[in-house]
Structure formats: structure tokens, C-alpha cells
Amino acid sequence: MKFDTPAGANPIDRTAVVGRPHDRIDGPLKTTGTAPYAYEHHAEVRNPACGYILGSAIGKGRIGAMDLAEAKTAPGVLAIVTAQDAGKLGKGKFNTAKLLGGPDIDHYHQAIAVVVAETFEQARAAAALIRVDYIRAKGRFDLAEELKTAPLTGNSNGGAPPKEARVGDFEQAFAAAPVTLDATYTTPDQSHMMMEPFASLAAWHGDELTVWTSNQMIDWGRTDLAITLGIPKEKIRFLSPYVGGGFGGKLFLRADAVMAALGARAAKRPVKVAMPRPLMANNSTHRPATVQRIRIGATREGTITAIAHESGSGDLPGGRPETAVNQSKLLYAGANRLTAMRLAVLDLPEGNAMRAPGEAPGMMALEIAIDEMAERLGMDPIAFRVKNDTQVDPEKPERPFSERNLVRCLREGADRFGWARRDPRPGQVRDGRWLIGMGMAAAFRNSSLVPSGARVRLGRDGILVVETDMTDIGTGSYTIIGQTAAEMLGLPLNKVQVRLADSRFPVSAGSGGQFGAASSTSGVYAACLKLREAVAQRLGFNTTDAVFEGGTVKSGNRSADLADATRAGDLTGEDKVEPGDLEKKYQISTFGAHFVEVGVDAYTGVMRVRRMLAVCDAGRILNPKTARSQVIGAMTMGVGGALMEELAVDKRFGFFVNHDLASYEVPVHLDIPHQEVLFLDGTDDKASPMKAKGVGELGLCGVGAAVANAVYNATGVRVRDYPVTLEKHLDRLPGAA
Amino acid sequence: MRAFTYERADSARDAAARAASTPGAKFIAGGTNLLDLMKLEIETPRHLIDVNGLGFDRIEKTGDGGLRIGALVRNTDLAADMRVRKDYGVLSRALLAGASGQLRNKATTAGNLLQRTRCPYFYDTNQPCNKRKPGSGCAAIGGYSRQLAVIGSSESCIATHPSDMAVALRALDATVETVNAAGQARAIPIADFHRLPGDTPHIETALAPGEFITGVTLPKPIGGRHYYEKVRDRASYAFALVSVAAVIHKDGTGRVALGGVAHKPWRVEAAETAMPEGARAVSARLLAGARPTHDNAFKVPLAERALAAVMMQARTA
Amino acid sequence: MADLPELDISRRGMLGGGTATVVIAASPVAAAQDKEPMQADPPAPIPLSFEVNGEKRDLTLDSRTTLLDALREHLHLTGTKKGCDHGQCGACTVLVDGVRINSCLTLAVMHQGDRITTIEGLGTPDRLHPMQAAFVQHDGYQCGYCTPGQICSAVAVLDEIGRGVPSYVAADLTERPRMTDIEMRERMSGNICRCGAYSNIAEAMAQVAGERA
């Protein structure tokens, strides 16, 4: 179905199943360890061999020679594959760097070999016996240095000019503004650090390849694996029924899948490969660091008259910018505007999407700037945001937001959080050793509907089976897809069986860009409409007024059991949702407000979050329980980004130094207090047939700034470089005594 | 991980003798650090001697009113021992500040002392490191050094010792007891147990090859209030940026040792005479001659402030 | 770029996973180390028997096999997860003789005669352990990968508090710990959840603790 007009009344509005806080239907499997992840398909493949990846020891240069002799004769070794003997390999369209390096090395820990052996222990030991002679080349590893000469760039697609987005005359308006801010903020490289490493199990049958892997996007991964291996896509079956976290790190084909496939071909046996944790940060993608300059000019009354946001980031040759200026085009009003990005070439590992790419680091900067501006104006930061709210796209005022309840989020959040108790003067509130501060930030992330297909089959056993290649990376896809199908056919949730993430199923949106939930359920909705037609037809009912409810179908004064329709055989419906041009006519976004209270140790400068609240406006919430989990998880990641997460760059050798889970710190239980989430009631009929949008990334956008603003409120020391670690304010803290 | 042979030892003396006579042999007890390093081939023993069956798992009173802690007492059990909690609170708190519950359940007293540095360059076998590969250079100098040493370091190495427990033991003047292959026992004061890096950073302790730690002795309790203040970005399950182990008496006198600042637990007894004068005076003496890097210069004032926090607690307790 | 010529390893060869084999400018110590050959004959596998989830299991294993890999690769008990293999995440948490440990940092051969409980031994999809049921009810997980470790740890944490084992957040070390939120959060901190389900896990644990109390 083409979604080109706002959704009217539809069966989802009944919300007998959708919109309810159902427990995850995959919960009993996940909590008992019986859900099989990529490396665990023992039932399907008996006794696979094990592959171990060797990563490059240099960041830039080439391999002079590789000596495999000793490794080849090591106990248990079945095969070793390097670029020399892998045959001609392509590069996936979503990959910036090659997944098998050599002789040229593009980045540190780029895979240069896979060793296949009978056991994991043997493969790991043999990999260490490969002798490599490297010729190191000078690389570009210092973002600040490279940005000095980096050119302006277009959008994230590497795209076309104009490279600057301008409205009015920013420079003139800024110069004329009585109150101004001109500040530079930095965000560091960050690592996804999902708990399940990249892992794949590959098995060849003749020229056909089956890969169980851990990937967010089945069709992208399958397509790029076909390109990389130079085989027809149809020859590959690609599956990810359970994915142990992704956060954007598993959007694309990665080395594990390629190495497993190459290793299996060479060893003539199924091979499984998991990326060793210490390789993950440099081998794969990361969220690129940014340097962001924000200038805001306002009237004394607090009306923004000029706003500019310029961001610089870096990536490998052919890479893309971190689009950190996105939200600044849309979040606040202002007659004179400028956004621009610069992209430096760096020889560090590949920069790419991590949860809320663009907005996550962009909001970290913008929402501190707004806090700073409010302070200069002597205004409450909420009042300043409310004053500059807009209901239309500020760059194209003829284009309204489909739904925008930012002001409600801010106000309801302020009430709930006790914002009125905040002392706007920083450094005033003490609790023993602790300096106490409150901060807030707006949350903002765009929403989009992407094509997504599904197939539904109503069986004679009364079970409704849903098949789509959609993934569940912890997002709750299994459950909300089940809820959608149940709602559409008037069945209880336990009559629905959801099968996901197999390339034999219809191509879906996949999990990314917070489009997955709304798009994939809309695809299921579309397929269910087809199935309802088939049911009505078989029952001889009028399709248009048939009501599916409680296992029965009613039309006019006629009624039949749903089971009557399948007596003569299973019924199937298949369709996909495709976006029309509603996103051109309307700006479709999600909104929210984050509130944070922190304590800062007056002695050591240590920061701990004490309370957190998020208020979200994201259309219909398909399952308040799983959606809430998405938001609290994002808030947790936001705390990490605010206070600890940073890939440390060694600018001499060109690599991320802290490349494991001990040295790249992410929040632990004790870092996170009870978290509260409020969803505004509402639907967005222009967003999707489900009238739903996404929340998984919204929950992250703004958290970092809310934490940073709370720290400032506690200390009076403004830190503009993330993460906000204690040494950045230690020498300026209010007296400890 | 390189292949190795494995045996379970029957006695400490035999274990020591086997270790001394078998090339590439190492003891394994908790294994939480050794196996971590073996997986990366930073440690490459060819023979492992499992000492878990040897006993040494008791905490007993000594004749002079102190405690003898068996080498194989698990960190959890040591921290939970009521005598330790009452009389050596700094030790209990230091242990509980370290690692995670799971790791403390495995990690032993001796193994904790023998932990190797968490310097990220030591952990990355592609990088030069004089500790891992003598003579190869130190990539940490001039590199990312936020976690690393500010005092007692050398041109060869700026690594820190990661143990929390050892910092408390240093404050308590503990003694490390060992037996060697010949069956000779000796007692090594904790102050002499860990070494500064000098130009041999790969030699980290006073132990001779094959020498086996049998236990750690604590002198009789010294009273006072016990503190272990561990400063870290993450609230738990993280190594210290700086830690302060302190025992402070009512009159303001006491003892202080620092973690996270040097290649060994850092204590300067002469600095403690300044304790009644306050943290600044103590810190100035304790960290005199500190040579921090650009990344970790903050550790010097941070140590002083952490000590000030502890002293404030002692005053107001 | 820092001027550190002594660190310039651009013309040196390197051993893949490990120490550099030095083609040029080798130091004698390094060269000697690097030439140490792999043992020609691999050590013989070692027989081992232990009890897993109430069942006696006999295995013959490479000495290098961790308890984690013994469970996952040899017994196909894949509920215990490998998140980091270095004791940095807690996904591999199991109970050995009732005590929680990281199964990645212990050799299987060191567990002769031990009694091991994994997530599969706590409950099944049809018969959930109360902690498993509480995780489902409170949505104490998302992707599910750290979940078995979280649940094993949670069960052990309630036991540890019950047994009076102290924690870092104790105000008074000599007092018995109580089942408070902060006690549970500190003790659970060795189990990382990147999906960020901590707040829900705390609620699941509080519920089970309340039922037990």
C-alpha cells in the first residue's frame, strides 16, 4: 500500500492489543537462554569449524609480506584466508572501508586474515603465529588539525550542493542582536559496544550460502555480502532471528560474516566467527567525533533572530559527515539561519551511524548552547524554548509539522520533575559533600516511514503466522508486530506467531534510524489488510465493512468464526507499505524533554545522576512497556555519553586506544537511578498507517546536554567538551569546605 | 592463548619446586587476570600449576594479635570476614571497591597482589611496551595516559598498579609471606613487595622465580577510622583514577596510601607527620616530585582533594 | 605527530596477534622471545567431570578451554553468553557451587567435581524461575544478550545480601546489609547492559526480594 494520504480511522484505533503494555513474546526464550543468537545455531549446523580474525597492527600503510607457514602447520588448522588468496572481492555499497584488508591497510584492526581450525582455541593460537611485515605510512589522525583545511560538504549521502543552508542573512542579524552566544562544543568518537560481538555462522551447500549472523538489516547485509563475494544475491540466505544489540553498529555487513563465508569456502566446512571484543572498536564503525560552533542572537525579550550551527567531523576517504546540524534546522524558530558541515579525511577506523546519528551529538551541543543563551537572557531555559517554539519548518514555513507538542513535553515534564524548585543560580544547592544541580534539554529526532513488507498466513490451526525480514535488536519488534497482527485480525496475542529476520521473508524496513517500529508494523498492517480481504472473500462478506473482533468476523448483520474462513485451507496476505509524499508536505518529527538531577562531589568533582525523567511525544505508542524500555535504555546511553564515553585517539599511531569494555567505560547499574518516562497521548496520522513514530533514538537526543546542564547548575563551571569528566571542572569547583 | 600443560599441585613446596624446574611454568589460582592476559598472549606460560587445592584459604589470628590471611582466601571472603570488617575496615572497603562481585568471588589474595597493570598499551600487543616486551619502548609516553602514573615512573614505563587491596595493605603495613623451591620461607614487607619500574618495568615484584606466596600477615589492629575513597568516572566496576586508603585517629594523626598514581601502592611515611596540618600539607609531601603527563596532571590535585574528603569525614564522624 | 623515533615500528615486522617479530632493529630479548617455537606436540586433552544443572557431565578438553566455552561449545548450553571473554561485561555469569563467577575467566579443567548452574538450570520457558518471571514482567532486558548473566547474578546477589556479604556502599561495614535499591545496584554493577535496562532490572529484583522477605 502506498501511504500518501493521512491515515483515517482504521482497525488499529480499537487498541485492544496495540497500545497495551504486553510482556515481550520472546521474553521466556530470552530469560532462559534458549533464544539462539548468531554463534549458537548448533541445531541447524553440527560441528562447525571456528574462524579467528587477525586485525591489522597499523593504522595506515601496507603489508609488505605475510608469513603463514607456521600458522598453517599449527594444530587443528584447516585453512587461512588472506586478501592474497581470497580471490577478487567487491566492497559493499554500505561499507566505506574494505572488510578484508591487504596489501593496503585502511585502518587499525582492519581484518587481514581469518584462521580456520577445528576449535576456537586452536584458531586463536594459530592466528597469533602469522608473521606480518608492515610498511607504515603517514596517516591523518588528528581531527582538529585536519578540520583546518577540510572542505564544506553536503548532506550525509555525500551529496549535492548547496553545501550551506541559509535563510535570511545570518551574519547581519547576529551582528545586530543585543544578546549573543558564540561557543564551540566538542563530542568524542563513541563506540556502540553492543553486548553481543559481531558473529556469524556460514555454511555453503554447493554455490548456495546460508549465514546466521547478527545484523540489523537483513536485505542490506545480504546484498552487500553478495557484492563482496561476487555471487548472486539469490544464492545467499541471511538470518538474524536474535540480535544482541546493535545501536547502528550492526546496520551493515561486517568482517565476521565475510570471514565466515570465505573461511567456510576455504575449509569446505561450515565456519563460525565471532569478533574478539578487543578488535571491535577499531575493526568496525564508530560515532565520529565532532567540533561544533554554535552562534545564537536574540532580542532582549528572548526571541531568536539569528542561529547558526556549523559542525566538522572526519571519516575515511569516501566517507560521510556526522550530520550534527540536522536538528538545528528544525527545532527553534529564528528568521536568519545558517547550517553547514565540514568533512575532514581521516585514516582512523570508519565513522558511521550510531544510535541517532546526527542528532545525538548535535543535540549534545545545541542544547547546552540554548541553556547558555537562556542564562545570558536571564530567562528560564524552558521559557526560552517555549518562546522560540515553531509549528512550521523554519527553513520552509509553508511546511508545517505534522504534530508537534514540544511545549507540552516541556511543561508537563517541568511539573512532574519539580523544576520550580531549581535555583537558577548555579552552585547554590548542597547535600553534604554533594553539589546538587538540575538540568533539562529538549529532545528531538526526525521520524520517517520506509518501505516495509510482510506476509501473514492464517492457518487451519487458528494460528496467525507473520513473516517479515524485520529484526528485533531489543526494540520489541517481535511483540509489536504480533500485537499489530492480532489487532488486525481480532485475535488474542497468543494466537500469533511472529517469524523474523530471514531473507526468505518479505523485505522490511529493518532496524535503524528509529523508523523500524512504525515502518515494520505498517508493513504488517498492509499485509493484514490483504489477509482480511481474503478472509472476507472466502466468507462471502463485504470487505470494506468487515469487523474482525474476538475471533469472529462481522459484516452488516452477518457473523462468522474466523476459523470458518480457513476450513478450506490456509489464507495468506502479503503486501508492503511505501511512503508517499507526506514527508515532503509535512515535517514529521518526534519531540520530548529530558530532566536530570545530578550530584557533583565538591571534593573530587565526581558526578552521579540522581534522578531522570523523559517526556516523549512520538505519536501512538505501540507498546508502552517496550517503548519505555527503549527510552530508559537511550537515557542510560545518554548518561554514558555525557559523563564517560570516549574513544581515545592515539594521534601518532592512529587508533582508538581504549578498545575493550574495561577501558571504554559505559554505564553500569550503579550509575543509573530510577528512570521515569511519560508518553503524551496522541497519534500522528501523517506519520504512518499505525499513526506511530519512533522513540528509540528520541530517548537519547538531548540527554547528554540535560546532564551537562545539570552539572553546570550544580557547579557554575560550564564544560563544553564531552564527556564531562571531573578534570574538566575540578580546579574551578565551588569551595569544598 | 598458547598451548600449555596443566597439573594440580599437592603442596606449596612441591608447587614451588615444580615451578622453578619447569620452563615457562606459572601458578594459577583465581585466574581472573592471568587468563585474561593469556588470551591476548601477553602471558604465555607453557605449564600451569593449579594451586587451588593447597588450602591457604583460612584467616587466622597471629600470636601478636594480628591476622594471617591465606594466599588463596578469595577477595569476597576476605572483605566479608567480620574481624577484617571491624579492625581493618580500610582493607574490606578497598576489596569491595575493586572489580565486580563475580571477579571478587574468584580472585585470591595472592593473585590480587600479582595483578598486572591495566595500561592500555600493555594490553595491546601491537604496541611497543617495555613491560610486556623489554626494550621495545613505551607507547604510553606521549600517548593516551589519563589513567597512568604521576609519580615514581621512569623513561621506560608510566604504568600504574591496578590493585585496590594492595593500597590498603600498604597502609596497614602488611607482610607478604612466601616459600621458595627449597622450602625456605621468607617475609617481605608490603612496601618492598612491589617495585618501581626503573629501566626494568617487566620486573614487578620482589618474588624470585618459582617463589610462592602463602599468605599475607596484618599486624595487630591500630584502631582509628578506616577509609577507602576510590575516585572513578563510572560509579562501580572501574579502576581508580586515584584512590586513598587512610586510617585516621581522633587526634588527626594517621596513615595514607594512594592508588592509581604509581607503579605500586604509594605511601610516604614521612608525609604522614603532616596529617594534623591537613590534606594540602600531606599531599605536598606525598606527591613531591610528581611528574604527571598532560593527560593526567589532574591526578595530583585530585589526590589532595580526595584526601581532604577523607579527612573531612574523619573530623565530622 | 609526536617525534618518537624509538617508537617508529614502521619497518618492523610484527607477529599477528602478539609480540613483534623484528626484522630490523630488533632488541635481543625480543628476538629471543619471538623465536620461541610453538610446542611441536600439543598437550593431551584432559578428562574432566562435573555436574551441570544437576546432571553429571564428562568431557575431555583442551587445557585452554574456558568453563564458558565448555558450556557453550561442548555442552551446547548457549544460554551463558560470551560478551567480551575478558571479565569486562558479566554476560558469562554462572553459579559454581552456588557462587557467581565469570565463566570466561576460569579454565574448565579447574572445575573437576564442581556443581555448576547456568541460566538453563534456573528455569525453562514453561517453568520460569521467579527471577526470570520478574524480568519478563518488568521488561528487565531488551536485546536479551546480557540477560542470562544478569539473572544468574541477580539470583546470587539476593543470596549474598541474605548471607550478609558486605558491599562497597555499606555505610557501616559491621552491619548486616539490607535488600535496598543501592545495594542491589552496586552488586549488579559487574553485569553490563548496553540496552540500558538497569532501572527495570532493579524493579524485577526488588519484587523478588520482597517476595522472599
Side-chain angles (χ1 to χ4, degrees), chain A residues 23-24 27-37 40 42 54 57 61 70 74-75 119-121 127-136 193-197 242-245 274 276-277 473-475 625-626 629 632-637 651-652 660-662 666 668-670 672 674-675, chain C residues 1-2 4 9-11 13-18 21 23 38 42 62 64-65 69 73 76 78-80 82-86 88-89 91 118-120 123-125 128 132 135-137 139 141-148 151 185-186 188-189 191-202:
Chain A
D23 292 345
R24 283 172 206 259
L29 294 181
K30 283 181 171 173
T31 55
T32 55
T34 46
Y37 292 78
E40 302 169 354
H42 294 119
L54 179 65
E70 200 178 353
T119 70
F120 170 70
E121 292 81 9
L129 296 171
I130 298 176
R131 287 162 194 273
V132 188
D133 187 12
Y134 293 101
I135 297 142
R136 193 185 284 264
M193 287 293 174
M194 69 300 270
M195 298 312 297
E196 182 200 21
Y242 294 94
V243 179
R277 177 64 61 175
I473 63 171
T475 38
K625 183 175 276 193
T626 55
S629 289
I632 66 168
M635 291 157 78
T636 301
M637 191 174 273
K651 294 171 190 166
R652 305 161 307 166
D660 61 27
L661 264 168
V666 301
V668 295
H669 277 266
L670 194 59
I672 303 301
H674 176 75
Q675 294 165 320
Chain C
M1 177 114 178
L4 289 166
I9 47 176
S10 63
R11 298 293 292 176
M14 291 188 175
L15 253 188
T21 171
V23 177
M38 187 98 172
D62 189 317
R64 294 169 292 187
T65 305
D69 286 327
E73 303 303 321
H76 291 182
T78 53
T80 307
K82 186 184 280 192
C84 72
D85 214 19
H86 287 276
Q88 302 164 355
C89 77
T118 70
I119 188 71
E120 293 94 340
T124 62
L128 297 176
Q132 292 169 324
F135 267 61
V136 173
Q137 188 187 334
D139 214 35
Y141 58 98
Q142 292 181 43
C143 81
Y145 199 76
C146 74
T147 310
I151 291 171
R185 287 178 192 272
E186 158 58 20
M188 289 298 290
S189 287
N191 290 84
I192 292 176
C193 173
R194 185 58 158 159
C195 295
Y198 299 135
S199 189
N200 290 351
I201 292 171

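Keep in mind it's a predicted model, so treat the numbers as computed, not measured. Below, chain A is the first sequence line, B the second, and so on; all start at residue 1.
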* Classify the side-chain pair Glu120(C)/Thr34(A) by whether it contains a donor and acceptor separated by less than 3.5 Å. => no
* Top contributor to chain A interface from Gln137(C), His76(C), Lys82(C), Glu186(C) [non-hydrogen pairs under 4.5 Å] -> His76(C)
* Sort Ser189(C) into side chain, backbone, both or neither according to what part of it lies under 4.5 angstrom from a heavy atom of chain A. => both
* To do: For chain C, find which of Thr119(A), Leu661(A), Val243(A) contributes the most heavy-atom pairs closer than 4.5 angstrom.
  => Leu661(A)
* **Close side-chain approach of Asp660(A) and His86(C), heavy atoms under 4.5 Å** => no
* Asked: What part of Thr626(A) lies closer than 4.5 angstrom to a heavy atom of chain C: side chain, backbone, both or neither?
  -> both
* To do: Heavy-atom pairs under 4.5 Å with chain C are the metric here; pick the option from Pro197(A), Pro36(A), Ser629(A) that has the most.
  => Ser629(A)
* 4.5 Å side-chain heavy-atom contact, Asp69(C) and Glu121(A) -> yes
* **Contacting moiety of Asp139(C), where chain A heavy atoms sit under 4.5 Å** => both
* Asked: Which bit of Ile632(A) is near chain C, if near means a heavy-atom gap under 4.5 Å: side chain, backbone, both or neither?
  -> both
* Determine whether Arg194(C) and Val666(A) make a side-chain contact, defined as any pair of heavy atoms from C-beta on separated by less than 4.5 Å. => yes
* To do: Sort Ala662(A) into side chain, backbone, both or neither according to what part of it lies under 4.5 angstrom from a heavy atom of chain C.
  => both
* Asked: Below 4.5 Å, heavy atoms only, C-beta onward: do Tyr37(A) and Thr78(C) meet side chain to side chain?
  -> no
* So, for Cys143(C) and Gly245(A), which heavy atoms are closest and what is the spacing to 0.1 Å? -> CB-N, 3.2 Å
* To do: Name the option with the most non-hydrogen atom pairs under 4.5 Å to chain A; the candidates are Gly196(C), Ala202(C), Ala91(C).
  => Gly196(C)
* Side-chain donor/acceptor of Lys30(A) to backbone N/O of Gln142(C), under 3.5 Å -> yes
* Asked: In Å and rounded to the nearest 0.5 Å, what is the NE2 to SG distance from His669(A) to Cys193(C)?
  -> 7.0 Å
* Interchain contact, Met194(A) with chain C, by part (heavy-atom threshold 4.5 Å) -> backbone
* Side chain, backbone, both or neither: which part of Ile151(C) has a non-hydrogen atom closer than 4.5 Å to chain A? -> side chain
* **Per-residue contact mode, Thr636(A) against chain C (heavy atom under 4.5 angstrom)** => side chain
* Proximal component of Asn200(C), with respect to chain A [non-hydrogen, under 4.5 Å] -> both
